[in-house]
Amino acid sequence: GKQTRRTRNRIAIAVGFHWSFVGDIAQREIEEKSNEIPALEPLLESIPRMEGTFVTADAMQCQQQTCAYITQQRGADYFIGLKGNQSGILERAQIKLPQEFFSLRHDSGWIKEHGRLTRWRIQRKTVTPEEAGLCGCRQFIAVWRERHYLRRGRVYEKEQEYSFYVSSANPDVYHEAALLQAMRGHWDAIENGSHYRRDVSMGEDASGISKRAQAHIMASLRNLTSGLFERQKTGTGSFPSWRRKMTPSKAIGILSSKK
């Protein structure tokens, strides 16, 4: 979900990512006095085919109805964050995945991104939906993430985070490396991709628009801009430099190409 500053306009965004593409593929405005939970199903309904796909979401969407919809009605798998809003499920995951043990075999190594170094480790435990207490759940997953923030090439701050997740993915098909890749893909697509481009590169946080209709239109235009970049980004440099060079005729050419 994404809320534009200075407005009460919130939108739920579906971000599609493949190893060669990241882009916003659908969005839906969230009703006033509501939240992202009831917006997810109508949002995913706008995506025609989901069989064999992997739906990642934050802990707010760890709901029985949501998990049943993804697995039983759409034929997809989920990878969803787990926090205190599902305390019983979280406690079961904490028992099965002790924080003291992480195998070095499932270590991403240090990755540099947006002025910081990030490192991920993962462990998991196979469960049944009955053991988990969640529709379709077949795995409890724990991820340990380290961040080193850089300034002038030196580390000035360190941070660690220990997070839990649930997944309906078949443990025999999705091994640890594939799950870690899915989680990193979610993080890169949303936090480092969509949200960073919107908030920083396209100045959404600095926008002075306060009306819901106008904010919705601008969100759609930012979606279009981000999608154009993803469609052409090979060899185009950074997103800000690409925007400076883009013209209306070039944009029309990208949209009309068969790539």
* Using a distance-only test with no angle check, is there a side-chain donor-acceptor pair under 3.5 angstrom linking Trp144 and Glu161? -> no
Donor-acceptor pair, distance only, cut-off 3.5 Å: does the side chain of [X] make one with the backbone of [Y]?
{"X": "Arg92", "Y": "Ala132", "result": "yes"}
{"X": "Glu146", "Y": "Trp120", "result": "no"}
{"X": "Gln123", "Y": "Pro98", "result": "yes"}
{"X": "Thr66", "Y": "Cys62", "result": "no"}

Qualifying residues under ring-ring contact (aromatic ring centres under 6.0 Å, His included), relative to [X], sequence neighbours excluded:
{"X": "Tyr69", "value": "none"}
{"X": "Phe140", "value": "none"}
{"X": "His175", "value": "none"}

Is [Y] close to [X] at the side-chain level, that is, under 4.5 Å between some pair of heavy atoms?
{"X": "Leu90", "Y": "Phe164", "answer": "yes"}
{"X": "Ile37", "Y": "Met60", "answer": "yes"}
{"X": "His106", "Y": "Leu180", "answer": "no"}
{"X": "Glu157", "Y": "Arg116", "answer": "no"}

* Asked: Looking only at heavy atoms, what is the nearest atom pair of Tyr174 and Gly52, with distance?
  -> OH-O, 4.4 Å
* To do: Of all the heavy-atom pairs spanning Pro38 and Pro42, show the shortest one and how long it is.
  => O-CD, 3.2 Å
* To do: Say whether Tyr162 and Ile95 are linked into one hydrophobic cluster, either directly or through other cluster members, by side-chain heavy-atom distances under 4.5 angstrom.
  => no
Can you tell me how far the [atom1] atom of [X] sits from the [atom2] atom of [Y], to the nearest 0.5 Å?
{"X": "Arg243", "Y": "Thr225", "atom1": "CZ", "atom2": "OG1", "value": "6.5 Å"}
{"X": "Arg145", "Y": "Ile122", "atom1": "CZ", "atom2": "CD1", "value": "11.5 Å"}
{"X": "Ser108", "Y": "Arg119", "atom1": "OG", "atom2": "CZ", "value": "7.5 Å"}
{"X": "Met50", "Y": "Arg74", "atom1": "CE", "atom2": "CZ", "value": "5.0 Å"}
{"X": "Leu97", "Y": "Lys125", "atom1": "CG", "atom2": "NZ", "value": "8.0 Å"}
{"X": "Ile111", "Y": "Thr118", "atom1": "CD1", "atom2": "OG1", "value": "7.0 Å"}

* May I ask you to decide if the ring planes of Phe239 and Trp242 are parallel, tilted or perpendicular, using 30° and 60° as cut-offs? => parallel
* To do: Decide side chain to side chain contact (heavy atoms under 4.5 Å, CB included) for Arg138 and Thr128; before the verdict, give the C-alpha distance in whole Å, the side-chain angles of both, and the deciding distance to 0.1 Å.
  => CA-CA 5 Å; Arg138 301 183 68 179; Thr128 64; over 6 Å; no
* To do: Under the side-chain hydrogen bond (donor to acceptor under 3.5 Å, both in side chains) rule, collect the residues that match up with Gln65, sequence neighbours excluded.
  => Glu41
Show which side-chain atoms of residues 77-84 pair as donor or acceptor with protein atoms under 3.5 Å away, not counting sequence neighbours.
unit_1	atom_1	unit_2	atom_2	d
Asp77	OD1	Ser168	OG	2.9
Tyr78	OH	Cys135	O	2.7
Tyr78	OH	Cys137	N	3.0

* By the rule that ILVMFWY residues connect when side-chain heavy atoms come within less than 4.5 angstrom, directly or transitively, which residues belong alongside Leu150? -> Trp110, Leu117, Val155
* **Residues Glu176, Arg124: salt bridge by 4.0 Å N-O rule** => yes
